[in-house]
Protein chains: 2
Amino acid sequence: MHKEHTLTKNQRIIFDLIDKSPEPLKAYSILFNVQKKGIKAPPQVYRALDKLVEMGKIHKIESRNAFIACHNSSCQVAKATAFSICEICEKVTEISSASLSKYLANFKDKDGMKYSKYNLEFFGLCKKCNTR
Amino acid sequence: MHKEHTLTKNQRIIFDLIDKSPEPLKAYSILFNVQKKGIKAPPQVYRALDKLVEMGKIHKIESRNAFIACHNSSCQVAKATAFSICEICEKVTEISSASLSKYLANFKDKDGMKYSKYNLEFFGLCKKCNTR
DNA sequence: TTACATAGTGTTATATTATAACAATTTAAA
DNA sequence: TTTAAATTGTTATAATATAACACTATGTAA
Ligand SMILES: [Zn+2]
Ligand SMILES: [Zn+2]
Ligand SMILES: [Zn+2]
Ligand SMILES: [Zn+2]
C-alpha cells in the first residue's frame, strides 16, 4: 500500500473545491473561489495544484488548462491518464479502462523508447450532446 | 484525394519556420523570428497557427504550448495525434504506429461514446538521454 | 530540548500565452 | 462587376503561469 498523503491547509481547501466541482476548474476560477478562505494570490493556487497533481489527487486537462479530481483510486493512475472531452458542453470524464491502460503502458515505439507516463485526451460529443 | 491547401503569405512564412525547426516552437518565439518578415503582432501568428493546425500541417504539443510540423503525410492524422516527449532534452517525435492509431480510433468507453479526435502524449527519456 | 533541514505560506511583481475588436485589403465566387 | 468570405494589420487587453524573497510551520536527529 502506498503512503497516504496528508494535505496541507491550502491543498485541502483547493482539493475540496475541485473535488466538489462537476466540471474542470481553471486556476483563476479557483483563486476567485478561495479568496474568502484567505488564499489571495496566484502562486498559492499554483503551488497547491502542482502538489496535488504530483500526488495524483487531481489531473490537469492540458487542452483546457483546467483541473479535475481523480476518481480512479487516485495515485496509481497519476502517470497514466485518459479523458473524454465533449466539444459542445465541455464535460470531461476520466476514462478507466483496463485494456486501454494495459495497451498504452506496454506501448513501445520503433526506437524501443519506454515511457514512464502518458496523457490521452479523446474529443467528441457526449451522449447528451449527441442526441439533440 | 483531399484538396491541397495553398498557404497564404503569413501561413507560408510561419509553416516554413516550424517545418525547418528540429524542435517544437512556441508562439512568441515564432513571432520573434518572423518580425523581420513583417509579421509584427501576436494575432498574426496565432491566426496562422490556428489555420495550420486545422489543415493538419502542424500540431500543437499541448503539454508544452508548442508547435511542430506534421511528418505523417499530413492531413490524415490531424485528428489522431500521438507524440513522444523526452522529459530531459524536450525532444518531441510524432509517433506513427498503425496498431496504435487503429486501437485508439476504435476505442469506445463504457458509455459507448464515439470519439472524433484524440491526442496522446507519452513522456519518458529518449534513447540519448537514457544512456548517460 | 535544541539545532537543523525541509516543506509550506504570504506577498509583490512580472513573464508567458492567447484573444477581442475593428479597420483595411486581398481573394474567390456569383 | 459586385458581393461575400478570408486574410491581414494594428492596438489593446485578457488569461495563464512563474520568479523572487521573507517568513512560518513541521519533522528529524543530536
Ligand atoms: Zn485519475
Ligand atoms: Zn456534451
Ligand atoms: Zn501529424
Ligand atoms: Zn532526451
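On a predicted model such as this, the values are computed, not experimentally measured, just so you know. Naming convention: chains lettered A, B, ... in sequence-line order (proteins, then strands); numbering from 1 in each chain.
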Spacing of [X] atom [atom1] relative to [N] atom [atom2], expressed in whole Å:
| X | N | atom1 | atom2 | answer |
| --- | --- | --- | --- | --- |
| B/Arg47 | D/dA5 | CZ | C1' | 14 Å |
| B/Phe32 | C/dA15 | CZ | P | 16 Å |
| B/Gln11 | D/dT7 | CD | C1' | 8 Å |
| B/Leu7 | D/dA6 | CG | P | 16 Å |
| A/Leu52 | C/dT9 | CG | C1' | 15 Å |
| A/Leu31 | C/dT9 | CG | P | 15 Å |
| B/Arg64 | C/dT17 | CZ | C1' | 16 Å |
| A/Leu25 | D/dA15 | CG | C1' | 16 Å |

Each nucleotide N or O in nucleotides 12-14 of chain D that has a protein N or O under 3.5 Å away: list the pair and distance.
none

Exercise for review: State plainly whether the residues B/Lys117 and A/Glu87 are in salt-bridge range, i.e. N to O under 4.0 Å.
Suggested key: yes
**Study point:** Salt-bridge criterion met for A/Asp16 and A/Lys20 (N-O under 4.0 Å)
**Key:** no
[X] side chain to [Y] backbone, donor-acceptor under 3.5 Å:
| X | Y | value |
| --- | --- | --- |
| B/Tyr115 | A/Glu121 | no |
| A/Lys26 | A/Arg64 | yes |
| B/Asp109 | B/Asp111 | yes |

Revision key, fill the gap. Checking D/dT18, C/dA21, C/dG10 against the side chain of A/Tyr46 (C-beta onward), the nearest is D/dT18
State whether [X] places a side-chain N or O below 4.0 Å from either non-bridging phosphate oxygen (OP1 or OP2) of [N].
| X | N | answer |
| --- | --- | --- |
| A/Lys26 | D/dT16 | yes |
| B/Thr8 | D/dT8 | yes |
| A/Gln44 | C/dT9 | no |
| A/Lys37 | C/dG10 | no |

Check your understanding: For A/Lys51 and B/Asn65, take the nucleotide of DNA chain C holding the closest heavy atom to each; which residue's nucleotide lies nearer the 5' end?
Key -> A/Lys51
Exercise for review: Specify the residue among B/Asn10 and A/Lys60 whose closest nucleotide of DNA chain D lies further upstream toward the 5′ end.
Suggested key: B/Asn10
Quiz: residues 38-54 of chain A side-chain donor-acceptor pairs under 3.5 angstrom, not counting sequence neighbours:
| unit_1 | atom_1 | unit_2 | atom_2 | d |
| --- | --- | --- | --- | --- |
| A/Gln44 | OE1 | A/Lys40 | N | 2.9 |
| A/Gln44 | OE1 | A/Ala41 | N | 2.9 |

Does [X] share a hydrophobic cluster with [Y], counting links as ILVMFWY side-chain heavy atoms below 4.5 Å and allowing steps through other members?
| X | Y | answer |
| --- | --- | --- |
| A/Met113 | B/Phe83 | no |
| A/Leu7 | A/Ile68 | no |
| A/Tyr28 | A/Ile30 | yes |

Practice item. Would you give a per-nucleotide map of nucleotides 24-30 of chain C, 5' to 3', where B means the base has a protein non-hydrogen atom under 4.0 Å away, S means only the sugar-phosphate does, and - means neither? Key: -------
Check your understanding: So B/Phe122 and A/Tyr118, would you call those rings parallel, tilted or perpendicular, with 30° and 60° as cut-offs?
Key -> perpendicular
